[in-house]
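As structure tokens, the structure follows; a few thoughts come after it.
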Amino acid sequence: MSMNEKPINDWDPRSEAVTHDQVAAYDEMRHRCPVAHSDYLNLSLFRHDDVMRVLNDHETFSSAVSSYLSVPNGMDPPEHTQYRTIVEPYFSPQRMAVFEPVCREIAATLVNGLSRGGEVEFNAQFAQDFAMNIQCAFLGWPQELRAPLLHWIRKNREATLTGDRIALDRVAVEFDTYIKGLLAQRRQSGAEAQDDITTSLLRERIGDRLLHDDEIVSVLRNWTVGELGTIAACVGILAHYLAEHPDVQERLREQPSLLPKAIDEILRIRAPLIANRRISSKSVKIGGREVPVGQRITLIWASANRDETVFGDPDEFRLDRDPASNLLYGSGIHVCPGAPLARLELRVGMEELLERTNWIALVPGSPLTKAVYPAAGFSALPLRIE
Ligand code: HEM
């Protein structure tokens with residue numbers, strides 16, 4: 001290919017066929033064209049091996065993909081390491097132990113509120129509120145922020161799908177404004193500010209200075225996406241999977257101690273997070289394809305975690321798989337720092353859901369709606385709770 005020749009599109013990530021059933025479409029790509037170019041997602045990697053290779057070589061595959069400040073997601077070492085050191089302690093075992101009862105209370109209240117015997121739209125009536133309530137409790141955010149946050153997460157997705165830079169800028173500013181307002185209030189209150197994670201971020205230092213507001217906002221934006229985007233998707237995927245697989249549901253009701261492994265395995269089969277990005281810092285070869293320097297790359301988690309060469313039948317539910325091969329929370333230096341919180345929430349959420357109900361079933365005749373990229377899981381999920 002000469003310098004000014006545009007690569008041909010091997011697929012269209014926004015076509016009807018892909019958005020209709022993302023996981024099936026990515027399976028098809030993994031078989032047909034596992035290293036694929038498209039104008040929208042650039043070079044997409046579908047195979048587990050290729051994704052691992054990128055994750056393990058952060059020098060060749062940089063995370064500095066965005067023009068927005070993104071702490072720590074969009075950074076490379078040594079900068080990345082400094083910020084990562086600030087973020088990680090917020091998800092320590094001690095913090096998780098203190099947060100567990102809060103999390104359980106939120107889950108129990110929501111499960112008790114689900115109407116029994118009729119049809120519930122699980123996404124709106126459980127998954128979204130679960131993620132939102134936990135996010136606000138974890139960070140000490142007020143109830144008034146709920147509506148704007150839900151609005152923000154939806155607008156952000158829409159702008160990502162259309163690739164509309166102006167709209168993306170607008171929604172970024174919107175989020176910044178809410179959060180900077182919160183930070184200003186806490187600064188004003190000084191020593192009287194409520195003692196929570198948001199206030200504690202105001203005291204974090206990088207070298208000999210405090211974090212700037214833009215950095216704190218970026219940290220909080222990434223946590224918000226992890227929570228309101230990914231956790232909400234997980235809860236829907238899990239409940240739907242149990243409704244669709246009565247044998248698994250029965251087993252987990254009898255042995256809730258299997259939940260942590262079962263959750264990781266179900267979310268391997270049905271990804272809650274579709275993709276993340278990188279950019280090459282030197283020219284390399286991946287899967288027989290020449291990759292020039294400055295090539296934008298998309299890692300398709302939703303495909304890599306279903307690669308037959310690693311998992312055999314990707315749909316087979318097994319509790320004895322090697323946890324290291326499951327890329328649910330990524331791998332390498334950018335591995336999800338929020339994983340302890342995510343695992344805690346999902347375990348406690350499912351424990352309460354199973355404990356406080358007798359059965360979760362699909363509703364024949366009520367169609368579910370799959371979420372469209374960049375979201376995953378369901379946008380509407382009718383279920384019957386007994
Ligand atoms: C089940 C839910 C979640 C899943 C499946 C998930 C998955 C992931 C994955 C795969 C990555 C690696 C991205 C990459 O390599 O480019 C990641 C990074 C990250 N996640 Fe999560 N995540 C979840 C929940 C959360 C939560 C609840 C938070 C925070 C409250 C969070 C915060 C982050 C941050 C800050 C990063 C960037 C880390 C870095 O660049 O060093 N995630 N997550």
Heavy atoms only: give me the nearest P337-P340 pair and the separation to one decimal. O-CD, 3.3 Å

Passing candidate, side chain to side chain donor-acceptor pair (under 3.5 Å) with S303, options R47, H31, R30: R30

Test of understanding: with ring pair (Phe, Tyr, Trp, His ring centres under 6.0 Å), list the residues that count as partners of H245, not counting sequence neighbours. Y241

For H37, which residues count as a ring pair (Phe, Tyr, Trp, His ring centres under 6.0 Å) partner, sequence neighbours excluded? none

Flag for Q135-T224: side-chain donor and acceptor within less than 3.5 Å: yes

With no hydrogens and no angle check, is any side-chain donor or acceptor of R186 less than 3.5 Å from a backbone partner on D195? no

Should we count CZ of R170 as having more than 12 external heavy atoms under 6.0 Å? no

Flag side-chain contact, heavy atom, 4.5 Å: I269 against F311: no

Checking K155 against E158 for the salt bridge (charged side-chain N to carboxylate O under 4.0 Å, His left out) test, could you report, in this order, the C-alpha distance in whole Å, the side-chain angles of both residues, the deciding distance, and whether it holds? CA-CA 5 Å; K155 288 283 166 205; E158 285 169 9; 3.7 Å; yes

Between Y26 and L267, is there a shared hydrophobic cluster once you connect ILVMFWY residues whose side-chain heavy atoms come closer than 4.5 Å? no

Could you measure the distance from the CZ atom of R53 to the CG atom of L299? Nearest 0.5 Å is fine. 12.0 Å

Flag, side chain of T198 to backbone of G140, donor-acceptor distance under 3.5 Å: no

Report the C-alpha separation of M132 and L228 in whole Å, then their side-chain angles, then the decisive distance to 0.1 Å, and conclude whether the side-chain contact (heavy atoms from CB on, under 4.5 Å) test is met. CA-CA 6 Å; M132 176 67 76; L228 301 186; 3.9 Å; yes

Pairs in or reaching into residues 121-132: which pass salt bridge (Lys or Arg N to Asp or Glu O under 4.0 Å), with residues at least two apart or in two chains? D129-R146

To the nearest 0.5 Å, what is the distance between CD (Q194) and OG (S189)? 8.5 Å

Does any pair with a residue in residues 313-363 pass ring-ring contact (aromatic ring centres under 6.0 Å, His included), and if so which ones, sequence neighbours excluded? H80-H334

Atom pair CD1/CD1 of I106 and I134 - distance to nearest 0.5 Å: 5.0 Å

Do L41 and W11 have side-chain heavy atoms sitting under 4.5 Å apart? yes

So which atom in P13 and which in T19 form the shortest heavy-atom distance, rounded to 0.1 Å? O-CG2, 4.3 Å

Using atom types as modelled and distance alone, determine if a side-chain donor or acceptor of R32 lies under 3.5 Å from a backbone N or O of D10. yes

Ion pair check, R270 and E244, cut-off under 4.0 Å: yes

What pair of heavy atoms forms the shortest contact from R84 to V335, and how long is it? NH1-O, 2.6 Å

Using the test ring pair (Phe, Tyr, Trp, His ring centres under 6.0 Å), find all partners of F91 that sit at least two apart in sequence or belong to another chain. F138, W223

Checking L210 against L202 for the side-chain contact (heavy atoms from CB on, under 4.5 Å) test, could you report, in this order, the C-alpha distance in whole Å, the side-chain angles of both residues, the deciding distance, and whether it holds? CA-CA 7 Å; L210 291 169; L202 285 168; over 6 Å; no

Between D39 and N9 the two heavy atoms that sit nearest each other are N-OD1, 2.7 Å

What one should report as the nearest heavy-atom pair of R296 and N42 is O-CB, 3.2 Å

Taking ring-ring contact (aromatic ring centres under 6.0 Å, His included) as the cut-off, I'd like each qualifying pair that reaches into residues 175-219, sequence neighbours left out, listed once. W152-F175

Is it the case that the side chain of D164 and the backbone of A159 share a donor-acceptor pair, with hydrogens and angles ignored and the cut-off at 3.5 Å? no

Taking side chain as C-beta onward, heavy atoms only, is L45 less than 4.5 Å from V35? yes

Taking atom CD of Q188 as the centre, report whether more than 12 heavy atoms of other residues, nucleotides or ligands fall under 6.0 Å from it. no

Min side-chain heavy-atom separation R251-L319 under 4.5 Å: yes

Applying side-chain hydrogen bond (donor to acceptor under 3.5 Å, both in side chains), can you list everything that pairs with S38, at least two apart in sequence or on another chain? none

Are R277 and S66 close enough that some pair of their side-chain heavy atoms sits under 4.5 Å apart? yes

Can you confirm whether L353 sits close enough to L114 that some side-chain heavy atom of one is under 4.5 Å from a side-chain heavy atom of the other? yes

Side chains of M52 and H48: does their closest heavy-atom pair fall under 4.5 Å? yes

With F122, which residues qualify under ring pair (Phe, Tyr, Trp, His ring centres under 6.0 Å), at least two apart? F126

Can you tell me how far the CG atom of N326 sits from the CZ atom of R321, to the nearest 0.5 Å? 9.0 Å

Can you name the nearest heavy-atom pair linking Y68 to A172, along with the distance? CE2-CB, 4.1 Å

Donor-acceptor pair, S281 side chain versus E59 backbone, under 3.5 Å? yes

Are any of the side-chain heavy atoms of W141 and I179 separated by less than 4.5 Å? yes

Side-chain donor-acceptor pair under 3.5 Å between N112 and T109, yes or no? no

Output, in order, the C-alpha distance, side-chain angles, deciding distance and verdict of side-chain contact (heavy atoms from CB on, under 4.5 Å) for L201 and Y90. CA-CA 10 Å; L201 284 169; Y90 288 99; 3.8 Å; yes

Go through D12 and R14 one step at a time and tell me if the salt bridge (charged side-chain N to carboxylate O under 4.0 Å, His left out) criterion holds. CA-CA 5 Å; D12 175 3; R14 287 180 289 187; 5.0 Å; no

Partner set under side-chain hydrogen bond (donor to acceptor under 3.5 Å, both in side chains) for D57, not counting sequence neighbours: T60

List for me each residue that meets side-chain hydrogen bond (donor to acceptor under 3.5 Å, both in side chains) alongside H58, sequence neighbours excluded, and say none if there are none. none

Within 45° of the axis and under 6.0 Å from the centre of the six-membered ring of F61, does NZ or CZ of R278 qualify? no

Check step by step if salt bridge (charged side-chain N to carboxylate O under 4.0 Å, His left out) holds for D320 and K261. CA-CA 9 Å; D320 61 351; K261 277 194 168 159; over 6 Å; no

side-chain hydrogen bond (donor to acceptor under 3.5 Å, both in side chains) with D176: which residues, sequence neighbours excluded? R221

Counting only pairs under 3.5 Å, give me each side-chain donor-acceptor contact of residues 366-378, with atom names and distances, residues two or more places apart or in other chains.
unit_1	atom_1	unit_2	atom_2	d
S366	OG	E119	OE1	2.8
S366	OG	E119	OE2	3.2

Is any NZ, NE, NH1 or NH2 atom of the basic residue among E265 and R318 found under 4.0 Å from an Asp or Glu carboxylate oxygen of the other? no

Determine whether R187 and D213 satisfy the following criterion, side-chain contact (heavy atoms from CB on, under 4.5 Å), listing intermediate values before the conclusion. CA-CA 11 Å; R187 267 208 195 91; D213 273 11; 2.7 Å; yes

Main-chain N/O of D214 paired to S218 side chain as donor or acceptor, under 3.5 Å: no

